[in-house]
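Comments concern the structure below.
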Amino acid sequence: MAADARAALLAWYDAHKRDLPWRRTRDPYAIWVSEIMCQQTRVDTVIPYYHRFLERFPTAAELAAASEDEVLGLWSGLGYYRRARLLHRGVKEVVATYGGKVPAEREARLGLPGVGKYTAGAIGSIAFDAEEPIVDGNVARVLARRHRVATPLGAKETEKRLWELAGELVKGPRPGDLNQALMELGATVCTPKNPRCEGCPVQASCGAHAAGEVDALPVPKKRKKPKLVHAVAVVATVGTPAKVWLVRGERALFGGLWSVPMVETAAPQLSLLAGPASARGEGVRSDAHADPKDAPAGRDAAFAALANVGVKARVKEKAGYVEHVLSHRHLKIDVWRAVAARGRDGLAELRAATREEVGARGFGVSRLTKKILDAALG
DNA sequence: AAAACGGGGTC
DNA sequence: GACCCAGTTTT
């Protein structure tokens, strides 16, 4: 009986739910922030970011009034920075269009940037007590097992089936808690590896458990290995105390964040060939290399990286090497040091900052940039 | 349907 | 090293 399972889920949730900060509020804006932060990110990772973010931006109006730079600064280290930019834009839209109130209408929420089917349903059910289903990774696993959905995750028919099942289950009292119970079960009991079926409130109605298929479900989607990319990054210092030249790209990797100048190169740099600084100093090469196969290597690449963004500097020596793995790229980066006269002034996408400023909480850089600075400046 | 988009925990 | 996490947008 679906009603029995539903009641069992809610009772289990009441007894076992974790005390998470966003479970202490019904503020749709705060719920929204938590849902965006939790996308593809573990709850334990999110908690400190959530506290800092809500402390600085307690209301939609205050977030809407902030600069994107500051918003990204508070997001720095969390990853998937586009989430922060879309949340910022979405909240601005809510302030401009809906008087600062997150819309109770599902269709209106779905129209907001960064709000997809999952987030719309989470806000709707948790903040507005609406019978809106959600399917995240946890719910997908729970439902795929319970109902023996054996088609691969991500396939259209699979998604359709899972959303149907979630839609049936959410109907009834406490839809928000029901949705959270499904997620909580997936996160703490119906886990990918070593699920604790003994402690599952719906074990009796689980098809996979009855069939001995728990470990075989769900069928994961194929995962591609990150593409290997070689690059050269340049830490160009200027003045005393030394500041480091930083650039910011709108659409590049780490869009909106500050980074050091970098270019993709064709091949790994042979460190044996990276000798002491030569007399060729002030290179300003204008050739941009669209295809990495045509890209320069080593010192030439360092010149190119600086020239591309208008920083005039004398390239010194290779100062380190950094690897950084993302979900879709595996970056292998030679880090070069350079000493700059100065950069172009007046460009919004170029600035210099001290090591301390960049390292401070609230500065909008990726982990990669921090690694690169560590490699170059010790 | 596939790729882009971060970073980290866990087995 | 593989897998996957309270996903959405773009191609």
Side-chain angles (χ1 to χ4, degrees), chain A residues 17-18 20-23 31-50 72 75-87 89-90 109-127 132-142 152-159 162-163 166 176-188 190-195 215 218-227 229 249 251-257 259 323-331 364-371:
Chain A
K17 68 178 176 187
R18 291 168 291 178
L20 304 177
W22 44 89
R23 287 183 176 159
I31 304 290
W32 184 5
V33 171
S34 77
E35 293 301 337
I36 300 297
M37 284 189 167
C38 282
Q39 287 171 10
Q40 300 294 290
T41 309
R42 275 163 218 283
V43 160
D44 291 339
T45 304
V46 167
I47 290 173
Y49 286 87
Y50 175 84
L72 283 170
W75 210 273
S76 177
L78 238 201
Y80 281 159
Y81 300 98
R82 190 167 53 185
R83 292 182 297 175
R85 307 176 81 183
L86 293 176
L87 170 64
R89 291 170 201 170
R109 289 195 307 271
L110 276 171
L112 295 169
V115 177
K117 213 173 166 186
Y118 164 81
T119 305
I123 298 172
S125 61
I126 297 170
E132 300 179 31
I134 61 172
V135 176
D136 73 330
N138 292 308
V139 177
R141 185 169 54 253
V142 170
L153 293 177
K156 187 176 286 185
E157 59 171 322
T158 307
E159 297 308 299
L162 293 175
W163 280 94
D177 285 344
L178 189 284
N179 281 339
Q180 294 192 80
L182 283 172
M183 291 193 286
E184 191 79 352
L185 189 66
T188 64
C190 194
T191 47
K193 305 288 178 192
N194 308 318
D215 289 330
V219 177
K221 67 177 73 174
K222 296 241 187 300
R223 201 174 302 275
K224 298 188 64 174
K225 229 188 290 187
K227 183 186 169 193
V229 172
R251 298 192 52 184
L253 194 60
F254 305 114
L257 296 185
S259 163
E323 284 197 40
H324 197 67
V325 181
L326 311 173
S327 53
H328 66 305
R329 291 286 185 275
H330 185 144
L331 307 173
V365 290
S366 67
R367 298 275 200 211
L368 172 59
T369 296
K370 292 191 176 184
K371 277 197 213 172

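Within every chain, numbering begins at 1; the chains are lettered A, B, ... in the order of the sequence lines, protein sequences first and strands thereafter.
Among residues two or more places apart in sequence or in another chain, the side chain to side chain donor-acceptor pair (under 3.5 Å) test is passed with S259(A) by none.
Side-chain contact between E35(A) and Y118(A) is present, with heavy atoms from C-beta onward closer than 4.5 Å. Residues T369(A) and F254(A) fail the side-chain proximity criterion, which asks for heavy atoms closer than 4.5 Å.
Which of dG7(C), dA1(B), dA6(C) sits closest to the side chain of K156(A) comes down to dA1(B).
As rounded to whole Å, 15 Å separates atom P of dA3(B) from atom NZ of K225(A). Nucleotide dG7(C) holds its C1' atom 15 Å from the CZ atom of R141(A), rounded to whole Å. Nucleotide dG7(C) holds its P atom 10 Å from the CH2 atom of W163(A), rounded to whole Å. If you take CD of E35(A) and C1' of dT8(C), they are 14 Å apart, rounded to a whole angstrom. Distance, W32(A) CH2 to dT8(C) C1': 14 Å, rounded to whole Å. In this structure, L162(A) atom CG and dG7(C) atom P are separated by 14 Å, rounded to whole Å. K222(A) has its NZ atom 13 Å from the P atom of dA3(B), to the nearest Å. Atom CG of L20(A) and atom P of dA6(C) are 10 Å apart (whole Å).
Applying the 6.0 Å contact sphere to NZ of K17(A) captures more than 12 heavy atoms from other residues, nucleotides or ligands.
Atom-to-atom distance recorded for R251(A):CZ and R82(A):CZ is 10.5 Å, nearest 0.5 angstrom.
Remark: the separation of the C1' atoms in dG8(B) and dT9(C) is 23 Å, to the nearest Å. Comparing dC11(B) with dA6(C), their P atoms sit 14 Å apart, to the nearest whole Å. Between dC4(C) and dG6(B), the distance separating the two C1' atoms is 13 Å to the nearest Å.
By the 4.0 Å N-to-carboxylate-O rule, K117(A) lies too far from E159(A) to be salt-bridged with it.
Among the atoms of the strands shown, only primed sugar atoms or phosphate atoms (P, OP1, OP2) are found under 4.0 Å from some heavy atom of V115(A). Among the heavy atoms of the strands, none lies under 4.0 Å from I36(A).
Residues R23(A) and Q180(A) have side chains that bring a donor and an acceptor to within less than 3.5 angstrom of each other.
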Going 5' to 3' along nucleotides 5-11 of chain B, which nucleotides have protein heavy atoms under 4.0 Å from the base (write B), which only from the sugar-phosphate (write S), and which from neither (write -)?
BBBBB--
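Phosphate proximity of dT8(C) to K117(A): absent, as no side-chain N or O sits under 4.0 Å from OP1 or OP2.
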